Amino acid sequence: MTLRASGLGRRFGKHWALARVDLEVAAGEVVLLAGANGSGKTTLLRLVAGLVRPTKGTVSICGIDPQRQPLESRRKLSMISHQAYLYPRLTALETTRIWARLLGLPASDVDLLPMLEEVGLGGRHNESVAGFSAGMKKRLAFIRTRLEKPRLVLLDEPFSALDAAGRRMVEGWIDGFRRSGTSVLLASHTLARAARLADRGILLQQGQVAWRGKAEEVAARLEAASA
Amino acid sequence: MSTLHPGAAPATTTAATSGAPAPDDPAARSTTSFFATMLTQTLIVLRKDLLLEWRSRSRLVSVVLFGVVTLLLFSFAVGPDVRALREGTAGFLVLALLLSSTLGLAESFRLEQEQDAVEGLLLLPIEPVALFYGKALGNTIFLSLLAPILIPVALVLYSVEPAWSDFLRLFGLWLLTAAGLSAPGTLYSAMTSQLRSQDVLLPLLLFPLVVPVLLGAVKALDLVLTGDAMGQLGSWTIMLLAFNLIYWSLCGIVFPRAIEAS
Amino acid sequence: MIERLKWHHFVGLLGLAIVVAGTWIGLFVAPAERHMGDVMRIMYVHVPSAWSALLCFTFVFVAAVASLWTSRKRWDAYMTGGIEVGCVLTALLLVQGSIWARATWGVWWDWDVRLTTSLVMLLLFCGVLALRSFIEEANRRATWSAIAAIVAFVDVPLVYFCVRWWRSLHQIQSSPETVNSAMVLPLRLNAVAFLLIAIWMIAIRARIELARLQAEDAPEPEPLAIEER
Amino acid sequence: MSDAVMPEGVIAGGWSYVIAAYSVTAIGLSVYIWSLVSRSRKPGDES
């Protein structure tokens, strides 16, 4: 099991952002996290990534507890959040190079330029990130999944800020993840698109799992609830 | 469209070449490989910070200008009494460095917070200790860069004329002072940069803490500038070194807890 | 929880009783000192304040390490109590020291090693309290204030030695020489009394903090009743 | 006391200093204890 969370709960102040969440994701599975704003999707992803400590319950990624062994667990996962984790004054190539070096990977132009090419930033690798549109930043952020070779990818609103071509690109990647046995946890508002990609779905309401099932049904339920 | 194969087997061989431990083998994380990783990552962080520093040169320039302005203000505060100014030179220099340092230190983690970049670094398997030493070294270098301007300006303003050979000593002591401010400064700016009142909190926490460094630095600089009749410079330098050793190890030990998940 | 902490009131009352006795002896029974006369009597509160303040901060260090180690709220509460009581005692210590300096040296402040170190110590730990008040997330508040407290505590001896060395260039450090046997009794009584009172105050403060921390503990919400559509 | 600072002889009129020091201490401690008691009456109240 790539990801196993049981009884997961997190309290911020007096407010439980997440409670009683049980979740298992097998290798190569794509799971849709649906839910209104504030339903706990982002908190769940951050808990899984080990960026937030659970108040209750446990997470294990390929058998590793992200709180006990943060470095080991982070080697297994990639996260794309709404923040692009970038330094505005660095260029795309420099940013990629720092990531590659920190991962202990070769970081010459020959190694990195093809990746930038792949995410559609080929001609612009020497421009500083400050001038990038939100969509370009997202593309750049996706290079991390290419570098880290994760077993689990956490995607927080991966389609936002992307144009049609960018969205198709992300879809292609998610398919690629599935084919290569990498699990994906996908939190998205772009329900129809996300539901098509996902194997199954989970609906969060007020931080709790309200419904599980086929991705399309989960999407339909959320749409019905918000309509 | 997609030629990505993100789930492919982890690149064990490439990881080994650059000193990082093999991702899938906990046994590979021996002590030596830990230190190799830490050193590599420290240098990566340092290099990144220096690059960012270079890209935002205007910030360095404004901090230098701020230091010059404080030096000027001290002379107004003391009055046009050349003798009093001369006697206070060492103290004014160190105070100018201290006041400028809070600007530089605060900014160094603000850059990391801006787009949650520090979180991005932590999501990569970075050793928190490496992050600390990289950033602290970066801050030390940043503060050392103030010396070539602030020291001559102070000497001119307060009409002190040390021998040419003393400039190396002055710079060495400046470096030690900068390092002594940077270690606790990096720790506290990492914490306060996430809080609302960083501008107040950072000096409030940092200034009392670095009193030993300040005293040592003022005393040692003063001995260089006004003559070291009793040969005390050596012992004050050793004391500054000792303070540095304590701060750099202590802050390095507690830093990982300061940036862990909450 | 509240029941288990009742012992501290006995400690406090005992401390109050002893401090009355010690002060009485110190003021009216013990003889005036040869050089300093009656001013010497300030020592019977001054030295106990200093000792108990230092013990408070040592306790803070222990509690901070324990709090970092175990992440338990109880230690966080004790640490906060220790810092606050230590700061109060140090502030009193500084005022007494200032009065002492005025009486013996004719100035309100002498850059005496102990006086200076106490002032820096007060500022260090006040900084920790300030930091604490700005952090909203409970885990983070506990971790960061423990870190700041540890760093501050380690810094105190550095300040002491540094100031001593700085001072030694000007004049030999001066402080009241201890002490003939008639003066030992009130000193000891008050030292014990201040310690007991400090423990009492820390316990009350820690209990307040613990109640505050536990008030943040909201129970996990009930399982959702999902309405079927 | 070093003799350079403190010449021979007894400081006269020390009692005013002693009274000042003792009353500052007593008042300081009492005020703090009073604040503790009043805070523990209403727990959870941010001071």
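Keep in mind the model is a prediction, meaning the values are calculated, not measured. Here is how names work: the chains are called A, B, and so on, in the same order as the sequence lines, proteins then strands, and each is numbered from 1.
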Closest non-hydrogen atom pair, A117(B) against L86(A): CB-O, 4.0 Å

So, taking the atom named CZ in R74(A) and the one named CG in L122(B), what distance separates them when rounded to the nearest 0.5 Å? 5.5 Å

So, R144(A) side chain and G120(B) main chain: donor-acceptor pair closer than 3.5 Å or not? yes

More than 12 heavy atoms of other groups within 6.0 Å of R68(A) CZ: no

Might you point out which heavy atoms bring L51(A) and A261(B) nearest each other, and give the distance in Å? O-CB, 3.3 Å

Side chains of K48(B) and Y87(A): does their closest heavy-atom pair fall under 4.5 Å? yes

Do P125(B) and L103(A) have side chains that approach each other closer than 4.5 Å (heavy atoms only, starting at C-beta)? yes

Rounded distance (nearest 0.5 Å) linking atom CD1 of I98(A) with atom CG of L121(B): 8.0 Å

F35(B) atom CZ: more than 12 heavy-atom contacts under 6.0 Å: no

Could you tell me if the side chain of R101(A) sits less than 4.5 Å from the side chain of R47(B), heavy atoms only? yes

Specify which of E94(A), K137(A), R97(A), M115(A) makes the most heavy-atom pairs with chain B at under 4.5 Å. E94(A)

Does either side chain, that of Q115(B) or that of Y85(A), offer a donor lying less than 3.5 Å from an acceptor on the other one? no

Let me know if R178(A) has heavy atoms under 4.5 Å from chain B in its side chain, its backbone, both or neither. neither

With rounding to the nearest 0.5 Å, note down the distance linking CZ in R53(A) to OG in S262(B). 8.0 Å

V118(B), L51(B), L111(B): which one forms the most heavy-atom pairs within less than 4.5 Å of chain A? L51(B)

To the nearest 0.5 Å, what is the distance between CG (L90(A)) and CZ (R55(B))? 6.0 Å

Side chain, backbone, both or neither of L123(B) within contact of chain A (heavy atoms, under 4.5 Å): both

Tested for side chain to side chain contact (heavy atoms under 4.5 Å, CB included) against L102(A), the lone hit among I126(B), T37(B), L131(B) is I126(B)

Under 4.5 Å heavy-atom distance to chain B, tell me which part of E171(A) shows up: side chain, backbone, both or neither. neither

E119(B) and R46(A) ion-paired at < 4.0 Å: yes

